[in-house]
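Let me begin by presenting the structure, written as structure tokens, before commenting on it.
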Amino acid sequence: MKLAVTAPERLHVRTVPVADPGDLIARLPHPAGQAWVRHGEGIVGWGEAARLRLPGGPDRFTRADRWLRDLFAAAAIDDPVRLPGTGPVAFGSFGFDPKSPDSVLIVPRWVVGRRDGQAWLTTIGDDTDPLALVHPPTAPTRLTWNDGALSAPAWQQAVAAAVDRITTGALGKVVLARDLYARADEPIDARVLLSRLSDRFPGCYTFAVAGLVGATPELLIRRTGDTVESLVLAGTTARGTGPADDDARAARLAASAKDLCEHAYAAEMVRDALAPLCTELTVPERPELLRLPNVMHLASPVHGRLADHRSVLEVVAALHPTPAVCGTPTDTAMTLIRELEGMDRGRYAGPVGWVDARGDGEWGIALRCAEIDGTRARLFAGCGIVADSVPADELTEAQNKFRAMQYALEG
């Protein structure tokens, strides 16, 4: 299968400073927009100057990076702002499984961004009133819900089968995901979901790329010049019913041998993947606690300095898939996922984010998300399975993780 490309021979790109645009998500003029926003900062885009759809294959990140380099190198770029995210930008989302053909890069015609008190507008081609609100957002109504590939009991059986495989020594960890379907009366407007997620989870990266919408807490990689940052998340518990219960749950999570083991797998892999690329790399010895409105995670912030000039997509290629979304050893875990999940994850748990013409960018892991297709939404949630995982507990954790997108849909 060949690359599917829609692009002009040459992009004509102009970035200008603008007054504070306010709520970035509210600037999207119609549902088919792209977004990457955290704490009110980031970028949103709409229209399409160029699009690349990639077939499966282990080289899909390299092929995407090469295509973007050529596209941006040939572009006429006027960018006096020169911040990460200015000039031409591609939003992207990659399939979790190398066999998945569901990977895409989109270069919007218009991008509005804000970073560190500076705001900008990037236009590719003719500028025709890009900030006009064309279609006001409308909330989903009359939602109905259905199981995805596996019912709750069937998924628990899959977890039990994974535990059996782990205890025989075949692998150390595997991440198993579930899907869930929602259907509305009218086409679902992604802007409503983005706005609800951004308000409810401001510390997460609220994203939309080609119909994949969510709010991920997990930063796979941020590249700014020669510096890189990552946030490893593995090990989860639900929030408590009050401050005392919350603190008790946090203490149990921090002391949980099962969760610490699961986290160690993920942190060690990120360290091993980044170390050959970096002259400096800092990985904390013990994880800290990340509190979100619905769950708490064990978290390890990672910082490094690249040895050579590499775009953010080259670093993404070295990191994906991490044990936090796949397992370890990677190949064994991937094979078990294909065997037990009974579905194609598509772009769930794959890299999602953006890259600019300098190779800077931010990429997260597509978690707490849904694939929007007209009136239908397909939600995903996954759990790390290790030797002492209990199927009923893992089902509860998955249900807690579904709640973010259920809130986005239901309000």
Side-chain angles (χ1 to χ4, degrees), residues 15 18 20-51 83-94 104-115 119-124 130-140 187-220 222 312 347-348 350-356 360-373 377 404-405 407-409:
T15 297
V18 296
D20 191 327
D23 184 348
L24 291 174
I25 292 168
R27 288 296 187 181
L28 291 170
H30 50 71
Q34 324 302 320
W36 182 267
V37 176
R38 179 174 183 263
H39 288 310
E41 295 201 335
I43 52 176
V44 296
W46 60 97
E48 288 188 15
R51 174 189 279 254
L83 287 173
T86 64
V89 169
F91 290 80
S93 178
F94 287 83
V104 63
L105 289 172
I106 295 172
V107 180
R109 285 195 62 200
W110 296 285
V111 172
V112 175
R114 179 172 53 231
R115 176 187 289 267
W120 64 89
L121 167 66
T122 297
T123 304
I124 298 179
L131 298 185
L133 187 64
V134 179
H135 302 292
T138 56
I188 297 169
D189 193 323
R191 293 170 298 174
V192 174
L193 312 189
L194 289 170
S195 181
R196 288 172 175 172
L197 290 169
S198 180
D199 290 345
R200 182 75 175 269
F201 305 99
C204 291
Y205 298 88
T206 301
F207 63 86
V209 178
L212 187 70
V213 178
T216 180
E218 189 146 0
L219 178 67
L220 181 63
R222 175 188 294 119
V312 69
R347 292 177 287 154
Y348 166 71
V352 60
W354 61 270
V355 54
D356 66 18
D360 287 335
E362 293 180 310
W363 289 77
I365 297 174
L367 306 175
R368 317 296 196 274
C369 63
E371 184 86 44
I372 308 301
D373 182 10
M405 287 309 301
Y407 164 77
L409 286 158

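At least one side-chain heavy atom of Val107 sits under 4.5 Å from a side-chain heavy atom of Ile124. Annotation: side chain of Leu28 is not in contact with side chain of Trp110 (no heavy-atom distance under 4.5 Å). Residues Leu24 and Val112 meet the side-chain proximity criterion, which asks for heavy atoms closer than 4.5 Å. Val352 places a side-chain heavy atom less than 4.5 Å from the side chain of Trp36. By the 4.5 Å heavy-atom criterion applied to side chains, Leu83 and Trp120 are counted as neighbours. For the pair Trp363/Pro351, a side-chain contact is recorded, criterion being any heavy-atom separation below 4.5 Å from C-beta on. Residues Pro140 and Val192 meet the side-chain proximity criterion, which asks for heavy atoms closer than 4.5 Å. A 4.5 Å side-chain heavy-atom check between Val312 and Trp354 finds every atom pair outside the cut-off.
Between the Asp356 side chain and the Val89 main chain, no donor and acceptor come within less than 3.5 Å of each other. Not one N or O on the side chain of Glu362 forms a donor-acceptor pair closer than 3.5 Å with the backbone of Leu219. Put simply, the side chain of Thr216 never gets that close to the backbone of Ala366: no donor and acceptor are under 3.5 Å apart. Side-chain N or O atoms of Arg114 include one that pairs as donor or acceptor with a backbone N or O of Gly40 at under 3.5 Å.
Thr86 pairs by the side-chain hydrogen bond (donor to acceptor under 3.5 Å, both in side chains) definition with Asp79, Arg358, not counting sequence neighbours.
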Sequence neighbours left out, cut at 3.5 Å: what donor-acceptor pairs do the side chains of residues 193-208 make with other protein atoms?
from: Arg196; atom 1: NH1; to: Ala408; atom 2: O; distance (Å): 2.8
from: Arg196; atom 1: NH1; to: Leu409; atom 2: O; distance (Å): 3.1
from: Tyr205; atom 1: OH; to: Arg222; atom 2: NH2; distance (Å): 2.9

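For the pair Val213 and Ala190, the tightest heavy-atom approach, listed with the atom from each and the gap, is CG2-CB, 3.8 Å. When every heavy atom of Pro137 is checked against every heavy atom of Asp189, the shortest pair comes out as CA-OD2, 3.1 Å. Closest heavy-atom contact between Val209 and Gln34: CA-OE1, 3.1 Å. Between Gly87 and Thr15, the closest heavy-atom pair is N-OG1, 3.0 Å.
For residues 364-373, the pairs satisfying side-chain hydrogen bond (donor to acceptor under 3.5 Å, both in side chains) are His297-Arg368, Arg347-Glu371, with sequence neighbours left out.
A side-chain contact (heavy atoms from CB on, under 4.5 Å) with Phe91 holds for exactly one of Val104, Leu105, Ile43; it is Ile43.
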